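Remarks on the structure that follows.
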Protein chains: 2
Amino acid sequence: MTAYIDYAIGLLKDKGFRITKPRRLVVELLDASREALSAYEIKDLLEANGEKVDTVSVYRILQCLEENRLVHRVLTSGKVKKCMLEHEEQCSLAQEEHCHHLLICKACDAIEEVHCPGTRVLVDALEAQSRFKIQSHNMEFIGLCAQCV
Amino acid sequence: MTAYIDYAIGLLKDKGFRITKPRRLVVELLDASREALSAYEIKDLLEANGEKVDTVSVYRILQCLEENRLVHRVLTSGKVKKCMLEHEEQCSLAQEEHCHHLLICKACDAIEEVHCPGTRVLVDALEAQSRFKIQSHNMEFIGLCAQCV
DNA sequence: TTCACTGCAAACCTTTTGCAATTCT
DNA sequence: AGAATTGCAAAAGGTTTGCAGTGAA
């Protein structure tokens, strides 16, 4: 078991959620995937592995994972990527909201979570310029990953 | 006619698009709205004004406006907000892609387009840290606007 | 044993497609 | 007049809901 699986299953168990077979399968699949996945893709990938999980259940499992901040929702595609809260905690902003800092590779669809060192500066500049009080943010950076450059 | 309407209609005309009644109605509605609107909301608002435009036509009109960078697509909601290209041009990055810098008010849903002075610094830091080559980005900042603070 | 969770059927909402009728230029 | 655009009908996709049955604790 990798760190993510332990982390996700442990967190769900601690919060009183039941560790069912479909939940475990979805968590394992998300852990193994470099890319973000849609509910249908998850259902199909599991089926290809001989594991049948209803699409509706996948939707509900993803909702549960999202509410527990165990996945990111990629805004540009609506798909879901595993997420380690450790990375989130380093974010100096947006304690309440689930904030996204994702690097998305155009070529291979790989997604990397990142901690944004310059975010504070940017947000301060924006607040000064706009008179908005910023509480959270979503950022997606599209480009080429190290392997695809 | 406001600057946006002139700008949008002029740009479409220049590119050889026809200035039809439905197109003009949608552009006028977007100009008047502080908030982002969905296709159905646009259809319903027009209908409330006694103007009937088919939902399918609204979809096609929005697609046309988006392709000509006359609207932003809000990623967190899928809705559409008028957009003045002047602001885009100031963005030092993402010449090819349509890049988004939106401030979204949680309380009143108002949306403000912004030029991000700190973007270059942030992107440079991310590239150094990740070995990603960043080509474009989407940023949405959620908070409270000056009126709602 | 009990209650959370799953699976199935069906509804719902959004978006897309094809084609004939309309209307800008 | 001619081509682009609209409106209508229908299909396609994605997501949600209700409920009975299953299975984790």
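Every chain is numbered from 1 and lettered A, B, ... according to where its sequence line falls, protein lines coming before strand lines. Quick caveat: nothing in here was measured; it's all calculated off a predicted structure.
Summarising the geometry, the separation between CD1 on Ile42(A) and P on dT6(C) is reported as 13 Å, rounded to the nearest angstrom. Taking atom OH of residue Tyr59(B) and atom P of nucleotide dT17(C), one finds them 13 Å apart after rounding to whole Å. Leu12(B) places its CG atom 16 Å from the C1' atom of dT6(D), with the value rounded to the nearest Å. Note: CG (Leu37(A)) to C1' (dG14(D)) measures 16 Å, nearest angstrom. A straight line from CG of Asp14(A) to P of dA25(D) spans 13 Å, rounded to a whole angstrom. The separation between Lys21(A) atom NZ and dA25(D) atom P is 15 Å, rounded to whole Å. The distance between atom CG of Asp54(A) and atom C1' of dT22(D), rounded to the nearest whole Å, is 14 Å. Taking atom CD of Glu66(A) as the reference point, atom C1' of dT15(D) lies 13 Å away to the nearest angstrom.
Within the 4.0 angstrom heavy-atom criterion, only backbone atoms of the sugar-phosphate kind lie near Thr20(B); the bases stay farther away. The residue Tyr40(A) sits close to a base: some heavy atom pair falls under 4.0 Å.
In this structure, Leu102(A) and Val114(A) have side chains that are not in contact, with every pair of non-hydrogen atoms separated by 4.5 Å or more. Looking at heavy atoms from C-beta onward, Asn68(A) lies in side-chain contact with Lys15(A) at the 4.5 angstrom threshold.
The phosphate of dC8(D) (OP1 or OP2) has a side-chain N or O of Lys52(B) nearer than 4.0 angstrom.
If you check dA25(D), dT17(C), dC24(C) against the side chain of Val56(B), the one that comes closest is dT17(C). The listed nucleotides are dT5(D), dT6(C), dT25(C); the one nearest the side chain of Arg23(A) is dT6(C). Side-chain proximity of Pro22(A) to dT5(D), dT16(D), dT6(C): nearest is dT6(C). Side-chain proximity of Arg60(B) to the nucleotides dT15(C), dT6(C), dT17(C) is greatest for dT17(C).
Residue-to-nucleotide contacts include a donor-acceptor pair under 3.5 Å from the side chain of Arg18(A) to the base of dC3(C).
Between Gln63(B) and Phe17(B), the one whose closest nucleotide on DNA chain C sits nearer the 5' end is Gln63(B).
Residues His101(A) and Glu113(A) have side chains that never bring a donor and an acceptor to within less than 3.5 angstrom of each other.
Checking each of Lys82(A), Arg24(A), Lys81(A) against Asp31(A) for a salt bridge (Lys or Arg N to Asp or Glu O under 4.0 Å) leaves exactly one that passes, namely Lys82(A). Evaluated for a salt bridge (Lys or Arg N to Asp or Glu O under 4.0 Å) with Glu66(B), the options Arg73(B), Arg60(B), Lys79(B) yield exactly one hit, Arg73(B).
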